[in-house]
Structures are given as structure tokens and as C-alpha cells.
**Student:** 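Take a look at the following structure, please.
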Amino acid sequence: MTERRKIIIDTDPGQDDAAAIMLALASPDEIEILGLCAVAGNVPLKLTSRNIRIMLELCNRTEIPVYEGCERPLVRAPITAEHVHGSTGLDGPTLPEPVLEAQSQDAIDFIIETIRREPSGTITLCTLGALTNIATALQKAPDIAPRVKELVLMGGGFFEGGNITPAAEFNIYVDPHAADIVFRSGIPLVMMPLDVTHKLLTTKARVAAIRDIGTRPAIAMAEMLEFFERFDVEKYGSDGGPLHDPTVIAYLIKPDLFEGRDCNVEIEVNSELTIGMTVVDWWKVTGREPNARVMRDVDADGFFALLTERFARI
């Protein structure tokens with residue numbers, strides 16, 4: 001039994017973000033969600049906020065507060081991914097517009113105040129999108145960095161390269177300057193790169209197992225995944241697409257599903273050719289101190305068994 005984590009989820013839903021949110025909501029014995037923060041990424045901020053609230057209503061967990069954060073990256077122009085996620089970010093099922101409203105407080109102040117309020121070393125940050133909100137909080141309140149227990153992120157790649165450019169993974173590419181701030185912050189980091197997520201394919205059998213749960217949330221999730229995978233199936237020619245963001249939550253629940261090593265990770269912010277690249281010193285050739293636990297392997301069957309079992313609880 002792992003310890004129960006107090007977490008803040010920072011996210012830009014996205015169907016795979018929605019799956020991560022659902023997994024967290026279904027795991028109250030391991031996870032206490034203090035709040036969900038929206039950031040621009042897969043779609044603009046107003047839609048990412050909307051999509052978080054849709055998921056909370058779908059799963060009947062409207063007591064969890066939602067906060068809206070940054071509308072654009074720190075330096076670059078906004079980059080979105082409607083070509084993958086559809087115009088709403090949650091294309092696939094037909095879901096009603098949310099009644100739940102976001103809090104009046106913005107996500108940056110919520111993150112800062114929560115980390116300062118809770119005992120030091122008790123808050124885990126779970127980032128499923130661009131790191132703009134977290135970097136902005138660190139710029140505004142650098143004192144919070146040593147108080148964070150851990151930051152678990154989906155982002156980057158090494159052996160797999162990138163998925164939005166040959167060198168860069170989307171979440172890092174959207175705001176590499178924010179990622180650079182986070183990776184230099186001294187916060188203990190766990191990184192779930194494409195090297196892991198590309199081993200987690202939403203095969204027809206795995207999606208069917210989720211659909212067969214038969215509940216409204218499970219059927220909606222199956223429809224989301226069927227829409228989401230179409231882009232990667234065409235791109236990679238695989239049976240199903242990679243399921244990225246739930247790795248962050250699965251790690252908190254069952255860390256032994258994953259294997260990796262401590263590495264130094266630097267973020268490329270200058271080169272037009274490779275901006276957003278996560279330069280992972282996997283082979284320890286630079287002499288730089290490790291700043292992240294980089295995962296490379298995962299028990300794919302165990303991961304999808306966990307998702308299916310937990311989704312059945314909602």
C-alpha cells in the first residue's frame with residue numbers, strides 16, 4: 001500500500017488528460033486531489049478549464065475546485081493540438097456543457113498558497129500539459145520549490161525522440177522556457193517520456209474492456225479513446241495510440257509498474273531545429289548532476305489492468 005498523496009493536477013485536457021483525471025478520481029485511497037488547475041495547451045485555456053469541469057461532473061466529483069491559469073506560454077506564441085484532440089479537446093462522446101464554474105482565484109495563486117499552507121514536503125504536483133503554470137508560480141514565489149514533495153510530469157522523450165517535431169514532445173515544446181525553469185528548480189522530478197507512453201497502446205481489446213464496464217463515465221472514456229487514437233493509428237500504423245497522461249497518476253498509485261533511472265535533463269530553448277528537446281543524459285556522459293528520475297519501461301498489461309479496475313469504481 002503506497003502512502004496517500006496530496007496532489008495538485010495541472011492539466012490541459014485532452015482525452016488522455018481526461019483519462020488521468022478519471023484515474024485519480026477513482027483512487028481516493030491513494031490520492032487526495034486538492035485542486036485541478038487548467039493551463040493552455042492541447043486547446044486554449046477556456047476549453048481546458050471547461051474540459052476539467054466536464055470530467056468532474058461526469059464522475060460526480062464536483063466538490064473538487066477548478067482554477068484557471070496561464071492563457072499562453074511564457075515567451076512563445078500559443079501552440080495547440082486540435083488536429084489530435086478535436087476542436088473541443090474532448091471530441092468523441094457527446095457530453096453536456098458543465099454547470100460547475102471555475103474558482104475566482106487563479107491557478108498560480110492557488111498553487112503558491114496551497115504549497116505554503118500545507119506542511120513542507122507533503123504536496124505532489126502532477127503536470128499533464130505545458131509547465132507554464134508551475135514555472136510562473138516558481139517565478140512569483142521561489143520559496144515554494146523546496147516545499148514540494150515531488151513533481152511527476154508527462155513530457156519529453158529520449159530514445160523515442162519527439163511527437164510534434166523530430167526532437168520535441170508536445171508538452172515541452174509548447175513552453176520550453178517554462179520547462180527549463182522547472183527542471184532547474186531543484187524540485188524532485190519524475191519524468192514520464194514518450195519512451196514509456198509509446199509502450200501503452202489503446203488496443204481494441206483494451207478499449208473494449210473499458211467500454212464493457214458499462215457505466216456512463218466508462219463508455220464516454222472509451223469513446224474519447226477511440227477518437228484520440230485515430231491520429232496516432234494513422235501516424236504510426238499501430239493497433240491503438242499511445243496513452244500518455246495517465247502514467248503520471250498510475251505512478252502515484254503503483255510505482256512498481258515503471259522502471260527508470262536518475263538522469264540529468266536539460267531543456268533546449270535556443271535552437272530553432274531542436275527547441276523543446278529534453279536532452280537526457282541517460283548514459284551519464286556529461287558529468288552533470290541528475291535532476292530527474294526518467295522512466296523508460298512500463299508493465300503495459302498491468303497499467304491497463306489498473307485503469308480498467310479503477311474506472312469500474314466510478
Side-chain angles (χ1 to χ4, degrees), residues 8-24 35-59 64 66-103 106-108 126-136 153-155 162-165 168-179 194 197 202 220-221 223-232 234-235 241-246 248-249 276:
I8 296 170
I9 299 176
D10 194 86
T11 180
D12 62 339
Q15 293 88 352
D16 57 329
D17 306 71
I21 292 168
M22 187 179 286
L23 179 60
L36 285 147
C37 298
V39 67
N42 287 321
V43 287
L45 178 68
K46 289 301 179 185
L47 287 175
T48 62
S49 170
R50 163 194 180 267
N51 294 346
I52 293 171
R53 291 177 281 125
I54 282 175
M55 291 307 300
L56 290 177
E57 291 187 356
L58 179 65
C59 299
I64 300 174
V66 179
Y67 303 87
E68 295 179 349
C70 296
E71 292 184 315
R72 56 176 295 126
L74 296 182
V75 176
R76 310 181 76 197
I79 298 165
T80 54
E82 288 90 349
H83 63 291
V84 177
H85 298 277
S87 61
T88 70
L90 287 187
D91 282 21
T94 300
L95 297 169
E97 290 299 313
V99 176
L100 179 66
E101 295 184 355
Q103 301 293 307
D106 70 50
I108 311 308
C126 299
T127 63
L128 314 178
L131 290 161
T132 316
N133 286 348
I134 307 304
T136 303
L153 70 132
M154 189 280 128
N163 64 354
I164 188 68
T165 74
E169 179 274 330
F170 180 80
N171 286 344
I172 306 298
Y173 183 75
V174 167
D175 198 343
H177 301 89
L194 299 178
T197 65
T202 55
M221 180 53 59
E223 292 173 349
M224 287 185 210
L225 296 179
E226 287 168 345
F227 180 92
F228 176 57
E229 72 181 13
R230 89 212 185 286
F231 176 81
D232 286 319
E234 181 178 346
K235 181 178 178 181
L243 190 56
H244 307 286
D245 292 329
V248 169
I249 306 302

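Being a predicted model, the structure only gives us computed values, none of them experimental.
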**Student:** Does a side-chain heavy-atom distance below 4.5 Å link L194 with H244?
**Tutor:**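 A side-chain contact exists here, since the closest heavy-atom pair is under 4.5 Å.
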
**Student:** Mind listing the closest non-hydrogen atom pair of A130 and V39 along with its distance?
**Tutor:**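 Closest pair (atom of A130, atom of V39, distance): O-CG1, 3.9 Å.
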
**Student:** How close do N133 and A38 get, counting heavy atoms only, and between which atoms?
**Tutor:**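 Reported closest heavy-atom pair: ND2-O, 3.0 Å.
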
**Student:** Only counting residues at least two apart or in another chain, list the ones meeting side chain to side chain donor-acceptor pair (under 3.5 Å) with T165.
**Tutor:** none

**Student:** Could you tell me whether a side-chain N or O of N171 sits under 3.5 Å from a main-chain N or O of M154, the two making a donor and an acceptor?
**Tutor:** yes

**Student:** List the residues meeting side chain to side chain donor-acceptor pair (under 3.5 Å) with S49, not counting sequence neighbours, and say none if there are none.
**Tutor:** R53, E68

**Student:** Taking side chain as C-beta onward, heavy atoms only, is D245 less than 4.5 Å from T11?
**Tutor:** no

**Student:** Do I52 and P98 make a side-chain contact, defined as non-hydrogen atoms from C-beta onward lying under 4.5 Å apart?
**Tutor:**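 No. Closest side-chain heavy atoms not under 4.5 Å.
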
**Student:** D16 side chain to P246 main-chain N or O, any donor-acceptor pair under 3.5 Å?
**Tutor:** no

**Student:** So I249 and I9, do their side chains get closer than 4.5 Å, heavy atoms only?
**Tutor:** yes

**Student:** How far apart are the closest heavy atoms of C70 and L45, and which atoms are they?
**Tutor:** O-CD1, 3.9 Å

**Student:** Return yes when atom CD of Q103 has more than 12 non-hydrogen atoms of other residues, nucleotides or ligands closer than 6.0 Å, and no otherwise.
**Tutor:**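 Atom CD in Q103 is crowded, with more than 12 foreign heavy atoms closer than 6.0 Å.
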
**Student:** Indicate yes or no: at least one non-hydrogen side-chain atom of M22 is less than 4.5 angstrom from one of M224.
**Tutor:**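 No; the side chains remain at least 4.5 Å from each other.
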
**Student:** Looking at T132 and P73, would you say the former's side chain and the latter's main chain have a donor-acceptor pair under 3.5 Å?
**Tutor:** no

**Student:** Does N42 reach the main-chain N or O of D12 with its side chain, forming a donor-acceptor pair under 3.5 Å?
**Tutor:** yes

**Student:** So, the side chain of N163 versus the backbone of F170: is there a donor-acceptor pair under 3.5 Å, distance only?
**Tutor:**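 Side chain of N163 to backbone of F170, a donor-acceptor pair under 3.5 Å: yes, one is there.
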
**Student:** Identify the two heavy atoms, one from A220 and one from P93, that lie closest to each other, and give their separation to 0.1 Å.
**Tutor:**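 Nearest heavy atoms, A220 then P93: O-CG, 3.7 Å.
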
**Student:** Would you find a donor on one side and an acceptor on the other, under 3.5 Å apart, between the side chain of N51 and the backbone of P13?
**Tutor:** yes

**Student:** Give the minimum heavy-atom separation between R50 and T88, together with the two atoms involved.
**Tutor:** NH1-CB, 3.8 Å

**Student:** Output yes when a side-chain donor or acceptor of R76 lies under 3.5 Å from a complementary backbone atom of Y173, and no otherwise.
**Tutor:** yes

**Student:** For the side chain of Q15 and the backbone of H85, is there at least one donor-acceptor N/O pair under 3.5 Å apart?
**Tutor:** yes

**Student:** Which heavy atom of C37 sits nearest to which heavy atom of I8, and what is that distance?
**Tutor:**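 Looking at all heavy atoms of both residues, the shortest contact is SG-CG2, 3.9 Å.
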
**Student:** Run the side chain to side chain donor-acceptor pair (under 3.5 Å) test against T80 and tell me which residues pass, sequence neighbours left out.
**Tutor:** E82

